[in-house]
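Written out below as structure tokens is the structure these notes cover.
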Amino acid sequence: MQHEPDPRLLTLLREDLGSAGFTVDGLEEAWGAVAAAALGRDDPVPALAELDRRPVTAARLLGRLFVLGAGIPAASAPVAFARLGLAGAVALGLVEADGDEVRARVDLRPSAIADEHGVASWWIVSDLGELALGGELPAEHVLGAGSASSTLAGITVPSDGGSVLDLGTGSGIQALHAARTASRVVGTDVSARALRFAAVNAALNGVTVDLREGDLYDPVAGERFDRIVSNPPFVITPRGARDVPAYTYRDGGRVGDGLVAAVVRGARDHLTPGGIAQLLGNWEVRDDPAAARDRVLDWVGPLDAWVVERDLLDPAEYAETWVRDGGAQPGSPRWRALVRAWLDDFADRGVTAIGAGYLLLRAPGPGTAPLRRFEHLDTPLGAGLARALAGGLAAHDWQAARSDDALADSRLTVAPDVTEHRHHWPGEADPTVLELRQGSGFARVRRVDTVLAAVVGASDGELTVRELVRAVARILQVDGDATLAAVLPAVRELLVEGFLGPPR
Ligand SMILES: C[S@@+](CC[C@H](N)C(=O)[O-])C[C@H]1O[C@@H](n2cnc3c(N)ncnc32)[C@H](O)[C@@H]1O
């Protein structure tokens with residue numbers, strides 16, 4: 001990319017992309033759903049085959065060039081770049097002309113998110129990926145908006161007009177997302193190259209981001225933010241082994257999970273009271289999963305923590321994932337050497353598994369109650385994770401501020417996405433298993449007993465928990481007070497998990 005892209009050319013590019021319908025849906029339409037699904041598996045062949053069969057349009061030319069990394073005839077450039085022109089696209093550093101063919105020098109694709117703030121769509125310029133390069137990525141590769149980027153954007157609790165720090169901004173995708181609800185966004189990165197892409201993407205999408213270069217929190221020394229988001233370079237990478245590439249986009253250069261530990265530890269000095277940091281991370285497990293949880297919670301120090309472990313990989317799976325991500329071919333001598341380097345590194349520290357997931361940290365503030373939660377949740381998720389996390393934090397504070405008596409006197413409501421499921425042995429009238437299930441957010445499934453199921457089911461905001469428990473206890477002919485005492489801790493948990501809501 002140009003160092004200081006000409007804003008006039010970027011405006012023309014924006015107009016071309018807009019009028020071409022270069023959107024996530026527009027591209028799916030351009031090559032069809034089957035080809036789009038194949039692309040999701042990194043297979044460009046069906047999309048290329050469809051483009052060869054279908055009429056030429058601007059969206060198809062742009063998709064061929066920038067998403068599939070294939071050339072287009074120079075003669076069709078005026079269709080692809082109706083306003084910008086081929087000369088403008090070359091001047092911006094987007095493409096190069098090679099005889100009768102035009103080839104992309106960067107990856108450029110739409111990225112979209114749909115949440116309670118509506119649908120947002122951006123164009124993200126980044127380095128060419130493996131498909132276009134046809135081989136291993138260079139160490140300074142700047143990543144586009146990948147699946148991890150979407151995951152983080154999807155769980156980010158909105159800042160409601162506050163300030164946001166995007167640490168390790170890369171292409172700037174989190175900063176663009178944060179700017180929808182923030183008054184001010186700062187994006188930092190150790191890579192000057194990444195910051196150039198972030199600047200282009202901010203300008204291309206008409207968003208203002210304060211971009212700063214430096215290691216971790218160095219560029220924001222002494223500053224605090226209402227939100228910190230980070231998809232940091234969390235990949236645990238062998239140090240000191242020969243020929244192991246050090247990718248800036250995924251490897252922070254620390255031993256083991258030291259980079260994630262540093263991002264977590266640093267958050268305490270950069271959050272405003274009540275401020276929230278959210279990041280993706282990997283952490284090492286050395287035999288004892290409980291000790292690994294304590295280690296992660298220890299990084300958090302005085303902050304609140306809610307960690308959701310989404311996966312627990314064995315060292316070989318982990319090594320294979322990241323060796324493949326770099327572009328080494330399975331089974332090749334290079335592949336074998338790299339996997340071996342990863343396994344030896346894990347063995348040196350006694351690592352038996354690697355946890356992966358989401359970390360939410362919160363600085364204590366007015367109305368917040370201490371929170372330490374680490375849960376393993378590897379089941380499929382629903383929509384609305386950011387809302388589920390924000391609701392969970394609010395519900396945690398609400399219930400923590402209430403004594404058992406006050407909670408018992410509250411009129412709670414069952415969440416609208418909750419359903420009850422009964423499982424029977426064949427021929428048995430009474431269920432052997434009762435479950436509550438969420439239809440959205442973390443899509444949790446909770447086993448409950450008859451009393452709790454009845455209390456949750458009847459929680460429509462009319463009767464208090466105490467009244468409901470007494471009524472159920474009378475029917476079941478059990479002691480009301482003892483039943484209430486047993487139910488209240490579960491009610492607190494169901495509130496935090498979002499099955500129940502505080503009074504409306
Ligand atoms: C996984 S990429 C995330 C990019 C983008 N935020 C996203 O969500 O797609 C990690 C980013 O962290 C940056 N990075 C690596 N080491 C860093 C460090 N020590 N301090 C700050 N940023 C760093 C990389 O250059 C890269 O842009």
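Each ligand, and each atom within it, is numbered from 1 in the order the structure gives.
Counting only heavy atoms of the protein, atom 1 (C) of ligand 1 lies nearest to Tyr249 O, 2.9 Å. Looking only at protein heavy atoms, the nearest one to atom 23 (C) of ligand 1 is Val190 CG1, 3.6 Å. Of the protein's non-hydrogen atoms, the one nearest atom 27 (O) of ligand 1 is Asp189 OD2, 2.7 Å. With hydrogens left out, the protein atom closest to atom 20 (N) of ligand 1 is Leu216 N, 2.8 Å, a heavy atom. The protein atom (non-hydrogen) at minimum distance from atom 6 (N) of ligand 1 is Gly168 O, 2.8 Å. Scanning all protein heavy atoms for the shortest distance to atom 24 (C) of ligand 1 gives Thr248 O, 3.2 Å. Annotation: atom 9 (O) of ligand 1 to nearest protein heavy atom, Ser149 OG, 2.7 Å.
Residues Ala148 and Leu280 share a closest heavy-atom pair of O-CD1, 3.4 Å. Summarising the geometry of Arg180 relative to Gly118, their closest heavy-atom pair is NH2-O, 3.2 Å, with the distance given to 0.1 Å. In plain terms, the two heavy atoms of Phe66 and Leu108 that are nearest each other are CB-O, 3.1 Å.
Checked against a 3.5 angstrom limit, the closest N/O atoms of Gln174 and ligand 1 fall inside it.
Listed by chain and residue number, His141, Tyr247 satisfy the ring pair (Phe, Tyr, Trp, His ring centres under 6.0 Å) test with Tyr249 (two or more places apart in sequence, or in another chain). Partners of Tyr217 by ring pair (Phe, Tyr, Trp, His ring centres under 6.0 Å), not counting sequence neighbours, listed by chain and number: His270.
A salt bridge is absent between Arg103 and Asp98; no separation between the charged side-chain nitrogens and carboxylate oxygens falls under 4.0 Å. Under a 4.0 Å N-O distance rule, the pair Arg239/Asp345 does not qualify as a salt bridge.
Every atom of ligand 1 with a heavy atom of Ser191 under 4.0 Å away is listed here by number and element: 25 (O). Short contacts between ligand 1 and Asp215, defined as distances under 4.0 Å to a heavy atom of the residue, involve ligand atoms 18 (C), 19 (N), 20 (N). Heavy-atom proximity to Gly170, at under 4.0 Å, picks out these atoms of ligand 1: 4 (C), 27 (O). Atoms of ligand 1 found under 4.0 Å from any heavy atom of Gly214, numbered from 1 in the order shown, are 20 (N), 21 (C). Near Asn231, meaning under 4.0 Å from one of its heavy atoms, ligand 1 places the atoms 1 (C), 2 (S), 3 (C), 7 (C), 8 (O), 9 (O), 10 (C).
Environment of CZ in Arg54: crowded, with over 12 heavy atoms of neighbouring residues, nucleotides or ligands closer than 6.0 Å.
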CA sep, side-chain torsions, deciding dist, call: Thr272, Phe225, side-chain contact (heavy atoms from CB on, under 4.5 Å): CA-CA 6 Å; Thr272 55; Phe225 298 85; 5.8 Å; no

From CA spacing to verdict: side-chain contact (heavy atoms from CB on, under 4.5 Å), Glu136, Glu130: CA-CA 6 Å; Glu136 287 193 33; Glu130 261 174 77; over 6 Å; no

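Only the side chain of Ile173 comes within 4.0 Å of ligand 1, counting heavy atoms alone; its backbone N, CA, C and O stay farther away. Residue contacts with ligand 1, taken as heavy atom pairs separated by less than 4.0 Å, involve Thr169 solely via the backbone atoms N, CA, C and O.
Panel note: side chain Arg336, backbone Pro330; no donor-acceptor pair is recorded below 3.5 Å.
For Pro233, the closest heavy-atom approach to ligand 1 falls below 4.0 Å. Within the 4.0 Å heavy-atom shell around ligand 1 one does not find Arg250.
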